[in-house]
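Worksheet: one structure, shown below.
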Amino acid sequence: MNIFRFFGDISHLASIFILIHKIHTSRSCRGISFKTQVLYVAVFVTRYLDLLYSWVSLYNFVMKVFFIASSCYILYLMKVRFRPTNDPSIDTFRVEYLVGPCAVLALIFNYGYAVTEVLWSFSIFLESVAILPQLFMLQRTGEAETITTHYLAALGAYRTLYIPNWIYRYFSEGYVDPIAVTAGLVQTGLYLDFFYVYFTKVLQGQKFELPA
Amino acid sequence: DTPEGNKDEL
């Protein structure tokens with residue numbers, strides 16, 4: 001554990017709390033892609049299967065359980081509690097274009113042909129693109145509530161902080177995980193456009209609006 | 001050494 005990874009994880013936690021807070025206070029999940037949230041549940045469940053057979057640390061255990069539970073809770077909020085505020089007609093990204101290629105990549109690139117290893121790889125690849133339905137929705141509507149942009153910024157910060165974490169680990173442990181690093185770089189790259197608008201507009205007090 | 005990824009990461 002190093003400071004980059006720690007703050008990355010804290011940022012990830014924060015993003016989830018921001019999202020739940022947004023849904024509760026506005027009593028609405030407007031602007032949130034249900035598809036992205038479903039993909040996150042798939043990511044956490046397939047990656048954290050090792051909860052059942054390996055122990056890393058209490059920190060690791062608590063975080064994994066939290067990520068699975070909170071992502072399922074968000075689905076509940078969107079599909080049950082605040083269902084009328086969820087508009088599937090603007091959440092149109094085709095997730096099969098993400099899940100299929102990720103499954104193929106996981107079969108090719110993994111650290112061993114065991115079900116758990118392939119699913120772990122799959123979760124890494126899927127996480128790297130899981131935000132796309134959300135970003136696509138943002139692109140379509142052209143604007144977002146400020147709180148939704150804070151959610152995305154915290155999520156993007158988490159991925160960004162994992163990069164110095166890997167650099168740190170390379171120098172301190174001489175260790176590189178090529179699958180995680182490659183997927184992580186792609187994932188962080190997807191946020192670049194968003195970050196640009198977030199820093200130049202939202203943090204200057206303006207509304208998040210994309211140029212027409 | 002087992003060929004594993006950063007499984008201690010989240």
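Below, chain A is the first sequence line, B the second, and so on; all start at residue 1.
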Pairing of A/Arg47 and B/Glu9 as salt bridge, 4.0 angstrom limit: no
Chain B contact via A/Phe44 - side chain, backbone, both or neither, heavy atoms under 4.5 Å: neither
Contacting moiety of A/Asp9, where chain B heavy atoms sit under 4.5 Å: side chain
Under 4.5 Å from any heavy atom of chain B - which part of A/Asn110: neither
More than 12 heavy atoms from other groups under 6.0 Å of CG on A/Asp193: no
A/Tyr170 OH: over 12 foreign heavy atoms closer than 6.0 Å: no
Heavy-atom neighbours of A/Tyr53 OH exceed 12 at 6.0 Å: yes
CD1 (A/Ile3) with more than 12 external heavy atoms under 6.0 Å: no
Interface residue of largest heavy-atom contact number with chain B, from A/Glu127, A/Met63, A/Arg5, under 4.5 Å: A/Arg5
A/Phe195 atom CZ, neighbour heavy-atom count above 12 within 6.0 Å: yes
B/Asp8 versus A/Asn60, closest heavy-atom pair with distance: O-ND2, 3.0 Å
Audit row: A/Tyr162, B/Leu10, side-chain contact (heavy atoms from CB on, under 4.5 Å) steps and yes/no: CA-CA 10 Å; A/Tyr162 260 62; B/Leu10 298 160; 3.8 Å; yes
